[in-house]
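Worksheet: one structure, shown below.
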Protein chains: 2
Amino acid sequence: MNKRKKATIHDIASKLGITASTVSRALNNHPRISDATKKLVTKAAKDINYQPNNIAAALRNGKSRLIGIIVPTVNRNFFSSVVRGIEEIANQLNYKVIISQSYENFEQEVQIVDTLLSARVDGIIMSISKNTENFEHLDRVKEKNIPLVLFDRITDSVEVNQVVIDDYMGAYKTVEHLIANGYKRIAHFTNPRKINIYSERMRGYIDALKAHGMEYDQNLVIESNMQLEDGQQCVKTMLDQGLEFDAIFSSSDYAAMGALQALKERGIAIPAQVGLAGFGNEPFTSFTTPSLTSVDQVSIPMGNVAAELFFELLKADPKKYVPQKTVLKPDLIIRESSTRTPSKPNSTPNSK
Amino acid sequence: MNKRKKATIHDIASKLGITASTVSRALNNHPRISDATKKLVTKAAKDINYQPNNIAAALRNGKSRLIGIIVPTVNRNFFSSVVRGIEEIANQLNYKVIISQSYENFEQEVQIVDTLLSARVDGIIMSISKNTENFEHLDRVKEKNIPLVLFDRITDSVEVNQVVIDDYMGAYKTVEHLIANGYKRIAHFTNPRKINIYSERMRGYIDALKAHGMEYDQNLVIESNMQLEDGQQCVKTMLDQGLEFDAIFSSSDYAAMGALQALKERGIAIPAQVGLAGFGNEPFTSFTTPSLTSVDQVSIPMGNVAAELFFELLKADPKKYVPQKTVLKPDLIIRESSTRTPSKPNSTPNSK
DNA sequence: CTATATTGCGCAACCGATTACATTCAATTT
DNA sequence: AAATTGAATGTAATCGGTTGCGCAATATAG
């Protein structure tokens, strides 16, 4: 009998000869309920294996205590770490998280937004897909006054809270480091889709070159989809075309990894002949030979900040709240792939 | 005005001078509603930016079309791929997924189960935490007749649907492969917690040795927590203690990676002097030097199967449904770390 | 010893969609 | 022309908590 129907507060109530409202208040520790009945109620609840129905509460309250998270994929250290950072804060406040993956697919992303809105999440924290160029779905979220926070992959076409790292500075520091290690012709791998992160990194690359009196050569900027295979292919093409370069700064660790493999395959010594640096500090970067210099995106703190902004927004009056943009400082993690004996620049020909 | 309150079917109804029930039926494409009104309703819905309230529907229907997924962490290729496999099937059937992470923490796991039950998910698909030894929370799920499917990290103390790979066979084939490459003293890294996956792999290890007339030496079985650092430490200890071995079969890719680093650090050639194989086929295994032989856990198919079992269970009569256990065949991915010139066994003395 | 507060709990409406059971009206049958 | 049928929609209860308001009983004040 109690197999099919789940226990409700009404069951508890009739068992104790009181009303459901009293049970509800008792369970919620309402001050106007005596300790005696509170004890009775909690005991009865345990006895009949009562499980609160959050659906009912959510319907009545208009809030579900759920945060929707949308990421391109969870199968990337960066994203899963941000999620963890969000969860840390959310769990403390007794909020739960629904994670959804867009798989870099725009239609999917739009669909997920609708699903989350229908699921009546209290808000959304997301990083947009690479292929998203239309932001009406985000507008719809804003129109409904649902709190929205963007991180890492952001857009300025919607006024919302944003958390990013200083991609510009990350790139700048990396290139500066390469220059300090004596590299003269630094190539740059980037993505043709000019979402914020890639364009910022490219700005940093260019400015760092200029700041050190090096010319910016368009031929050294190689566009691709930035996956492992792309990195391999780019290097091969560069070598086959006789392009002169002695370092690569890749906006993606995966492409950097591909570059590393291709260079090794062609017998080019890293870091002696060619220096290499990636972006993202994926865990495998410390496993490669040589280990890969990369930029750490402080993912957990980013998740923390995103969640904090979210809750700020949740409490605020949407009319007078002005969206904020938080910029975190990335860390350059220097490893073997870019470290040459301090002042032995020009040690490798190739460029000359 | 429509800023604060979200649109409901009642708003649509009064706008059109009909009732909410008609609107509901129109939106659900009920056959008894005329095409004319259906068109009117869908148009009006679009006009006022109506978003169905799944919470209300879920309350009324008793089903949320949500599946709860619990994994130790999503930041592991295996788990995130299984999730993807589940999503593939679930999305086709218009079900959504709530992903939660236990972070290998028992209390957290119990808490998540309660939260999901309260959120009234239609069922749960999970892989239990390493530290879970008490399964009452799973019993509670079963008692409530909530569909439950376990994958990879399972337990036999609860009668539920299970999906696993044949860990025994994966290990057996790996060890056989090592033997075929001439390795004679094969060590095994395992976890002291004897959850199914580790004990099965160990059985496979032992049986493969015996089947090839090699003695099983307890000293060659090393227990640790199987993280990167543990792998490093184990190898160092083995070397320092003068333990004779010429191959390592690790139940974890991470520990195998640590072993690889430690061996290289000590100047031991892989695979020439020591062969190495891991388990899990984490992406980084193909990035290392030498690349790491490992066992692929067919994660996406595992997710597919788990989801299929789930929906089977969802439709079935809980009284007469008998739980099933599906066993998938893993793939041994042979890479450099275990491949020596075919028949040149004993080429390396090892200990000295 | 009244008058006012406070405590403890019940009443009933409500959240938004769904659906079994009418009801209406026109078309079809007899 | 009355009766039957069926199409199209309305009525109202329901899912399970939550909460403003009210009322009785007890406590405190004056």
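Lettering follows sequence order; numbering is per chain, from 1.
- For A7(B) against Y50(B), the heavy-atom pair with the smallest separation is O-CD1, 3.4 Å.
- Here CG of L313(A) is found 13.5 Å from CD of E308(A). Values are rounded to the nearest 0.5 Å.
- With rounding to the nearest 0.5 Å, the separation of CZ in R84(A) from CD1 in I89(A) is 12.5 Å.
- Shown here for F310(B) and G123(B), the closest heavy-atom pair between the two residues is CE1-CA, 3.4 Å.
- N134(B) and F106(B) get closest at one heavy-atom pair: O-CE1, 3.4 Å.
- Atom C1' of nucleotide dG16(C) and atom CG of N28(B) are separated by 13 Å, given to the nearest angstrom.
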Whether each nucleotide of nucleotides 4-10 of chain D has a protein heavy atom under 4.0 Å at its base (B), only at its sugar-phosphate (S) or at neither (-) is summarised, 5' to 3', as ---BBBB
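- Rounded to whole Å, the distance from CZ on R60(A) to C1' on dT18(D) is 5 Å.
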Test log, rule side chain to side chain contact (heavy atoms under 4.5 Å, CB included), inputs N54(A) and R65(A): CA-CA 9 Å; N54(A) 287 349; R65(A) 298 190 87 79; over 6 Å; no
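- One finds no salt bridge joining K15(A) and D11(A) here, because no Lys/Arg side-chain nitrogen approaches an Asp/Glu carboxylate oxygen to under 4.0 Å.
- Backbone-only engagement by T8(B) is indicated by non-hydrogen atom pairs under 4.0 Å involving sugar-phosphate atoms exclusively.
- Rounded to whole Å, the distance from NZ on K63(A) to P on dG17(D) is 19 Å.
- For K38(A) and dG8(C), the NZ to P distance is 9 Å, given to the nearest whole Å.
- Closest approach of I124(B) to I70(B), counting heavy atoms only: CG2-CD1, 4.1 Å.
- Contact detail for V158(A) and L138(A): the closest heavy-atom pair is CG2-CB, 4.0 Å.
- Taking atom CD1 on I9(A) and atom C1' on dT18(D), their separation rounds to 8 Å, with Å as the unit.
- Residue R193(B) comes nearest to K130(B) through the heavy atom pair CD-O, 3.2 Å, listed as atom of the first residue, atom of the second, then distance.
- Note on the helix from dC1(C)-dG30(D) to dT30(C)-dA1(D): terminal axis deviation equals 40°, with five pairs used at each end and the result rounded to 10°.
- Look at CG on L59(B): it is 7 Å from P on dG16(D), rounded to the nearest Å.
- Phosphate proximity of dT19(D) to N61(A): present, with a side-chain N or O under 4.0 Å from OP1 or OP2.
- Using a 4.0 Å heavy-atom criterion, one finds that N54(B) contacts no nucleic acid atom at all.
- Summarising the geometry, atom CZ belonging to R25(B) is positioned 10.5 Å from atom CD1 belonging to I18(B); distances are rounded to the nearest 0.5 Å.
- Listed in residue order, the members of residues 112-121 of chain A having a heavy atom less than 4.0 Å from DNA chain D come to none.
- Computed from coordinates, the I55(B) CD1 to dC15(D) C1' distance equals 13 Å when rounded to whole Å.
- For the pair I12(B) CD1 and dA17(C) C1', the interatomic distance rounds to 11 Å; values are reported in whole Å.
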